[in-house]
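When reading the values below, keep in mind they use all heavy atoms of this one structure, side chains included, and skip hydrogens, waters and symmetry mates. Throughout, protein chains are lettered first and strands after them, A, B, ... in sequence-line order, and every chain is numbered starting at 1.
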There are 4 protein chains.
Amino acid sequence: MKLETTVPIYLQVGEEIKKAIVTGKVKPGEKLPSARELALKYTINPNTAARVYQHLEQEGIAMTKRGMGTYVIENQDLTDQIRIGMAQELVSHFVGNMKELGFSEAEIVKLIEEER
Amino acid sequence: MKLETTVPIYLQVGEEIKKAIVTGKVKPGEKLPSARELALKYTINPNTAARVYQHLEQEGIAMTKRGMGTYVIENQDLTDQIRIGMAQELVSHFVGNMKELGFSEAEIVKLIEEER
Amino acid sequence: MKLETTVPIYLQVGEEIKKAIVTGKVKPGEKLPSARELALKYTINPNTAARVYQHLEQEGIAMTKRGMGTYVIENQDLTDQIRIGMAQELVSHFVGNMKELGFSEAEIVKLIEEER
Amino acid sequence: MKLETTVPIYLQVGEEIKKAIVTGKVKPGEKLPSARELALKYTINPNTAARVYQHLEQEGIAMTKRGMGTYVIENQDLTDQIRIGMAQELVSHFVGNMKELGFSEAEIVKLIEEER
DNA sequence: GTGGTCTAGACCACT
DNA sequence: GTGGTCTAGACCACC
């Protein structure tokens, strides 16, 4: 077992934005808040905010236009694909953990259906 | 959104042990490693290791006998119940996250069944 | 016969505070001194002072709000109940000791009535 | 408030013996165990055991005869008096504590009568 | 050996 | 400021 360390803030905030993009709360082509705004919103360091966008750009989900700000990529297919990817990641972790607890797939499904 | 902070070490290690108990890797009545051993195993401070057991005792899943060590509680019902509780917590978080990503319950179940 | 050992400091100080609470010297909802103040007042380690409040919280008689301090629980019924419990404990020990000395209940009562 | 420290062992053991004397479990004139025996019985240091008798002698309840051991004083009046003294001490502490908790004498008596 | 307690001092998160 | 956590090292009581 490895002891967890804090997830870097820029990743945490990045996930939050990805989620907004992927669920359509922010549309393709739409402008994201400036790094400065982001820093205020989450009360984080502006450098960290800049790193958030840097990271989203690396993932191909955002695009920075010099002097104009950062925009959501205009590629619905890609955002859909990322949404699926995030879901699969969640599913995979979740199923793994449940199996560690000794639950079968059938039991897992049953518990989910009971959850409401 | 709240930025995640590190989960305290004593809770992380505690969860690990709880998992071992509820899945039967450690049997009811069995002796757990001494606080000092635990400290060596995870390279944490003996005080922190002691806190792990203190916490497990508060949760009613372990019992400590002065000068003799810490033991898994002899109550299969309770450990079963805790196992269910841990599972429900996982399910609840997972389903919450998936719904934030816009997945319906049916879709969630489908993804799990595809996962293998 | 068991030789008495020192009662842990955090319990002694805790009892002192409990007494102040149940007798109304500190009112429900009132703020208790910060752990650091407590440490200075009793010249104990801040960790030990923190443990005092940790323990009072476990007993349900205090509530701590992160970054804001520790407060007396707002539940007069509970504090009354604890007051009764503390008294019963005292009575039980006292009567036990007196009976060991060979006094009957009637004699005990008589001695108390003479005491003034 | 003063933090309690451990009551010296020789006093604790001394109280135990006084109790036995005063309640007639050990008769006036009877020989008490040797310091060596006492040390074994309570697993204390022989010096500490010797100090126990020294203390009982100072209180006038025991008498050491050179080379013959320590004996309970042959004075029933005195032992009775000490028994009363011990009781009064207990009563006084007890009543004091109860009053600190806000109980009146009448309430104290009532609680004792309820205690069985 | 075991756990229980305490001190000393540090860093962090929350308000 | 507040409490929460952690390390480091010490001493003690119990078995």
Side-chain angles (χ1 to χ4, degrees), chain A residues 3-9 12 42-45 48, chain B residues 1-15 17 30-58 62-73, chain C residues 1-15 17 30-58 62-73, chain D residues 3-9 12 42-45 48:
Chain A
L3 295 184
E4 278 167 38
T5 67
T6 312
V7 176
I9 291 177
Q12 294 184 46
Y42 292 103
T43 46
I44 57 180
N45 190 293
T48 305
Chain B
M1 176 205 188
K2 264 190 316 192
L3 295 184
E4 271 172 42
T5 75
T6 313
V7 177
I9 293 176
Y10 76 90
L11 286 183
Q12 293 183 45
V13 176
E15 281 300 297
I17 295 175
E30 195 170 319
K31 185 177 181 303
L32 293 168
S34 79
R36 283 159 174 89
E37 284 171 336
L38 206 64
L40 287 176
K41 182 172 174 194
Y42 291 104
T43 46
I44 57 179
N45 187 284
N47 275 323
T48 305
R51 203 168 178 185
V52 171
Y53 285 146
Q54 216 173 315
H55 182 250
L56 289 180
E57 192 164 19
Q58 277 170 25
M63 234 191 81
T64 125
K65 301 180 201 166
R66 184 80 167 256
M68 297 194 54
T70 302
Y71 296 79
V72 178
I73 202 80
Chain C
M1 177 205 187
K2 265 189 317 190
L3 296 183
E4 272 172 42
T5 75
T6 314
V7 177
I9 293 177
Y10 74 91
L11 287 183
Q12 294 183 45
V13 176
E15 281 300 297
I17 296 175
E30 196 171 316
K31 186 176 180 305
L32 293 167
S34 80
R36 283 159 175 89
E37 283 171 336
L38 206 64
L40 288 176
K41 181 173 174 195
Y42 291 103
T43 46
I44 57 180
N45 188 285
N47 275 324
T48 305
R51 204 168 176 185
V52 171
Y53 285 146
Q54 218 172 314
H55 182 251
L56 289 180
E57 190 164 21
Q58 277 171 24
M63 233 192 82
T64 125
K65 302 179 199 164
R66 185 80 166 256
M68 295 194 57
T70 302
Y71 295 79
V72 178
I73 204 78
Chain D
L3 293 185
E4 279 168 37
T5 67
T6 312
V7 177
I9 291 176
Q12 295 183 47
Y42 291 105
T43 47
I44 57 180
N45 191 292
T48 305

Can you measure B:K31 atom NZ to E:dT2 atom P for me and round it to whole angstrom units?
6 Å

Atom NE2 in B:H55, atom CD in B:E57: separation rounded to 0.5 Å?
12.0 Å

Does B:Y10 have a side-chain nitrogen or oxygen under 4.0 Å from the phosphate oxygens OP1 or OP2 of F:dC6?
no

Between C:Y10 and C:T48, what is the shortest heavy-atom contact and its length?
CB-O, 4.1 Å

Contact under 4.0 Å: C:S34 side-chain N or O vs F:dG1 OP1/OP2
no

Nearest-Å distance, CD1 (C:I9) to P (E:dG4)?
17 Å

Rounded to whole angstrom units, what separation is found between the CD atom of D:Q12 and the P atom of F:dA13?
11 Å

Ranking E:dT7, E:dG3, F:dG3 by distance to the side chain of B:R66, first place goes to E:dG3

Over how many whole Å does the gap from C:M68 atom CE to E:dT15 atom C1' extend?
7 Å

Atom of B:L32, atom of B:A62 and distance for their closest heavy-atom approach
CD1-CB, 4.4 Å

Heavy atoms of C:A49 and C:A39 approach each other most closely as CB-N, 3.9 Å

Please give the stem ranges for DNA chain F, sorted by first residue number, where a stem is three or more consecutive Watson-Crick or G-U pairs and both donor-acceptor distances are under 3.5 Å.
E:1-14 with F:1-14

Donor/acceptor link under 3.5 angstrom from C:R36 side chain onto base of F:dG3:
yes

Measure CE/B:M63 against P/E:dT2 and give the value in whole Å, please.
17 Å

Euclidean distance, B:K31 NZ relative to B:T70 OG1, rounded to 0.5 Å:
7.0 Å

Mapping C:G67 and C:N45 to their closest nucleotides on DNA chain E, which lands nearer the 5' end?
C:N45

Within a radius of less than 6.0 Å around NZ of B:K41, do more than 12 heavy atoms belonging to other residues, nucleotides or ligands occur?
no

What closest approach, in Å, do C:N47 and C:N45 show between heavy atoms, and which atom pair accounts for it?
N-OD1, 2.7 Å

Hey, could you give me the CD1/CD distance between C:I44 and C:Q12, rounded to the nearest 0.5 Å?
10.0 Å

What is the distance from CG of C:L38 to P of F:dT2, rounded to the nearest Å?
12 Å

OP1 or OP2 of F:dG4 less than 4.0 angstrom from a side-chain nitrogen or oxygen of C:T64, does that happen here?
yes

Kindly compute the distance separating NZ (C:K65) from OH (C:Y71), expressed to the nearest 0.5 Å.
5.5 Å

For B:I44 and F:dC6, what is the distance between atoms CD1 and P respectively, to the nearest whole Å?
8 Å

Selection: residues 47-58 of chain C, any non-hydrogen atom under 4.0 Å of DNA chain E:
C:N47, C:T48, C:R51

Within this structure, what is the CG-to-P distance between C:L32 and F:dT2, rounded to whole angstrom?
13 Å

